2 protein chains.
Amino acid sequence: MNAQFKKGVLEMCVLSLLSKKDMYGYELTEQIGKEMAVTTGTLYIILKRLTDEGYFTTYLKESSDGPARKYYTLTEKGHHKQEELKKNWHQFVVSVNRLMEEVL
Amino acid sequence: MNAQFKKGVLEMCVLSLLSKKDMYGYELTEQIGKEMAVTTGTLYIILKRLTDEGYFTTYLKESSDGPARKYYTLTEKGHHKQEELKKNWHQFVVSVNRLMEEVL
DNA sequence: AATAACTATATTGTAATACTATATAGCTAG
DNA sequence: CTAGCTATATAGTATTACAATATAGTTATT
């Protein structure tokens with residue numbers, strides 16, 4: 001998989017998953033990992049950045065089978081960002097496909 | 001437009017356009033510019049890199065309305081790279097869409 | 001209780017690549 | 001001859017994913 005394709009998209013995926021329900025970091029890594037290669041390091045950096053930028057709030061919750069988990073909750077700002085990124089993404093895919101399929 | 005989405009994709013677009021016919025740098029900028037914002041600086045750096053990596057050969061040709069143009073021709077290696085990137089791109093889009101639409 | 005395996009969060013340093021700004025210069029029209 | 005268009009090119013910066021590594025709680029096995 002081309003690592004460059006992921007630039008910006010991982011952030012969108014995180015926001016998109018969190019728009020459905022609160023999740024913790026490790027869980028996000030596993031969900032996204034089903035579709036593409038991603039390391040925990042990458043995910044935690046994204047989570048830290050987006051938290052700093054006000055897209056999430058967080059809370060700790062104990063786990064029955066392991067250490068406590070930090071859950072992420074989308075803020076209003078986060079929801080808006082998610083919708084904006086999703087819209088941009090779909091437009092982008094259409095543009096790229098048009099460029100590639102086009103017979104000039 | 002999210003600049004990050006373009007990472008890796010611009011390279012693929014250049015290869016894809018050149019798989020149809022030889023083009024010169026400025027022409028590529030204009031064609032890609034129809035679908036997304038892109039500066040000449042970015043394009044020429046990509047062209048230089050891909051030339052150095054053996055995906056193109058180049059030749060100069062005089063123009064009737066301006067300075068001489070440097071045309072780019074895909075090599076066999078370039079054609080293979082283009083097909084590979086295109087395949088990866090389509091798979092990537094499917095994966096991302098699945099992640100975003102999924103009800104978990 | 002000691003150890004290994006699993007779960008979970010986090011940081012540092014590096015690599016890849018797009019953007020901004022700028023430089024250079026040929027050609028054409030007024 | 002000058003302005004505007006065409007065309008190629010480079011230097012410095014910013015963003016973001018990856019690899020490697022550190023830390024530590026929990027569970028199961030010996």
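The chains referred to below are lettered A, B, ... by the order of the sequence lines, with proteins before strands, and numbering in each begins at 1. Being a predicted model, the structure only gives us computed values, none of them experimental.
- Candidate nucleotides D/dA17, C/dA18, D/dA7 were compared by shortest atom distance to the side chain of B/Tyr44, and D/dA7 ranks first.
- Within 4.0 Å (heavy atoms only), B/Gly41 reaches at least one base atom of the nucleic acid.
- In this structure, B/Asn97 and A/His90 have side chains that are in contact, with non-hydrogen atoms separated by less than 4.5 Å.
- In terms of modelled atom types and a separation under 3.5 Å, the side chain of A/Lys81 and the main chain of A/Met12 share no donor-acceptor contact.
- Ranking C/dC19, D/dA17, D/dT16 by closeness to the B/Leu10 side chain, first place goes to C/dC19.
- Heavy atoms of A/Thr29 sit nowhere under 4.0 angstrom from any nucleic acid atom.
- Going from atom NZ of A/Lys61 over to atom P of C/dT7 covers 19 Å, rounded to whole Å.
- To the nearest angstrom, C1' of D/dA17 lies 11 Å from CZ of B/Phe92.
- In terms of phosphate contacts, B/Lys6 brings no side-chain nitrogen or oxygen within less than 4.0 Å of OP1 or OP2 of D/dT15.
- Formation of a donor-acceptor pair under 3.5 Å by the B/Lys6 side chain with backbone atoms of B/Glu11 is not found in this model.
- Residue B/Arg49 places at least one side-chain N or O under 4.0 Å from the OP1 or OP2 atom of C/dT17.
- Considering only side-chain atoms of B/Tyr24, the nucleotide from D/dA7, D/dA17, C/dC19 that sits closest is D/dA7.
- A donor-acceptor contact shorter than 3.5 Å links the side chain of B/Thr75 to the backbone of B/Gly54.
- The side chain of A/Pro67 approaches D/dT26 more closely than any other nucleotide in the set C/dG26, D/dT16, D/dT26.
- With D/dA9, D/dT6, C/dA8 as the choices, the nucleotide that has an atom nearest any side-chain atom of B/Arg69 turns out to be D/dT6.
- Inter-residue side-chain proximity for A/Leu85 and B/Phe5 is flagged as met; some heavy-atom pair is nearer than 4.5 Å.
- The distance from the OG1 atom of B/Thr58 to the OH atom of B/Tyr24 is 16.0 Å, given to the nearest 0.5 Å.
- For B/Thr40, the side-chain atoms get nearest to D/dT8 when compared with the rest of D/dC18, D/dT8, C/dT9.
- When heavy atoms are screened at a 4.0 angstrom cut-off, B/Tyr71 is found touching no nucleic acid atom at all.
- For A/Ile45, taking side-chain heavy atoms from C-beta onward, the closest of the listed nucleotides C/dT12, C/dT9, D/dA17 is C/dT12.
- Toward the 5′ end of DNA chain D lies the nearest nucleotide of B/Glu30, the other residue of the pair B/Thr42 and B/Glu30 mapping further downstream.
- Nucleotide D/dT15 holds its C1' atom 15 Å from the CG atom of A/Asp52, rounded to whole Å.
- The separation between A/Ile46 atom CD1 and C/dT9 atom C1' is 15 Å, rounded to whole Å.
- One interatomic measurement links the two molecules: CD of A/Glu53 to C1' of D/dT16, which rounds to 12 Å at whole-angstrom precision.
- Between B/Leu60 atom CG and D/dA7 atom C1' the separation is 11 Å, expressed in whole Å.
- As rounded to whole Å, 19 Å separates atom P of D/dT23 from atom OH of A/Tyr26.
- Per the geometry, CG belonging to B/Leu43 stands 11 Å off C1' belonging to D/dT8, to the nearest Å.
- Between A/Lys48 and A/Lys7, the residue whose closest nucleotide on DNA chain C is further toward the 5' end is A/Lys48.
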